[in-house]
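When a ligand or atom number is given, it counts from 1 through the structure's own listing order. Because the structure is a prediction, the values reported are computed rather than measured.
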Amino acid sequence: MIQKRVGVLISGRGSNLGELIAAQADAPYKIVLVISNNDDAGGLKRAADAGIATQIIPHKGKSREAFDAELDTALRAGDVQIVCLAGFMRILSDGFARAWEGKLINIHPSLLPAYRGARVHERVIAAKESQSGASVHFVVPELDAGPVIAQARVPVHPDDTLEILSARVLEVEHRLYPAALRLLAEDKVKLEKGLAVFG
Ligand code: GRF
């Protein structure tokens with residue numbers, strides 16, 4: 001089986017990274033590099049424990065373009081073919097998004113295009129939505145606006161707290177992200193003229 005070389009960008013605990021790692025043994029992808037902008041990101045240990053190369057690239061004191069250029073250099077040095085954002089808390093420059101167009105995906109804890117941006121679960125609860133979910137999408141320059149590759153839906157109950165709802169969504173994220181990455185790695189989905197095209 002041909003495995004596409006994947007780089008994962010994280011900023012925090014990396015539970016989605018953990019699921020991508022757990023699923024890779026019989027998958028058409030192999031995570032070869034994990035990059036964090038924070039040196040205390042929990043996901044770094046998950047990667048190291050799995051024998052995956054890690055790199056810390058701090059963003060502080062750098063322009064967005066300079067930081068992204070360092071990311072790009074590291075990813076290319078690792079011969080990375082697909083980049084996954086997994087709880088990566090930096091907005092990427094337009095140039096980076098364009099350079100990796102069609103090869104760059106993110107997981108977002110809402111049913112996009114609803115609830116782009118931060119603090120999704122608070123806003124979903126405040127709006128008394130009856131459902132929410134998670135989306136894996138191609139990254140384009142506009143934040144959380146790229147075409148969706150896969151989504152999973154969960155109910156929202158009237159008495160849900162932030163913790164309860166985020167845990168319910170996270171559970172489906174953990175199944176969704178490996179499945180979506182598999183589709184991309186097998187060329188079963190492509191970004192064409194701004195659309196996710198399947199088949
Ligand atoms: C997830 O909810 C993901 O959807 C969002 O950030 C969170 C990352 O969690 N983009 P983890 O670091 O993967 O545990």
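The hydrophobic cluster around Ile125 extends to Tyr115, Val120, Val124, Val154, Val156, Leu165, Val169, Val172, counting ILVMFWY residues whose side-chain heavy atoms fall within less than 4.5 Å of a member.
With hydrogens and angles left out, the side-chain atoms of Asn37 and Ser11 include a donor and acceptor closer than 3.5 Å. For the 3.5 Å distance criterion, the side chains of Ser132 and His121 fail to qualify, holding no donor opposite an acceptor.
Look at Lys188 and Glu186 and you find a salt bridge, because one of the NZ, NE, NH1 or NH2 atoms lies within 4.0 Å of a carboxylate O, short of that distance.
The two residues Gln81 and Lys4 have their closest heavy-atom pair at OE1-CA, 3.3 Å.
Protein residues with a heavy atom under 4.0 Å from ligand 1 are Arg13, Gly14, Ser15, Asn16, Gly87, Ile107, His108, Pro109, Glu173.
How far CH2 of Trp100 is from CG of Leu71: 10.0 Å, rounded to the nearest 0.5 Å.
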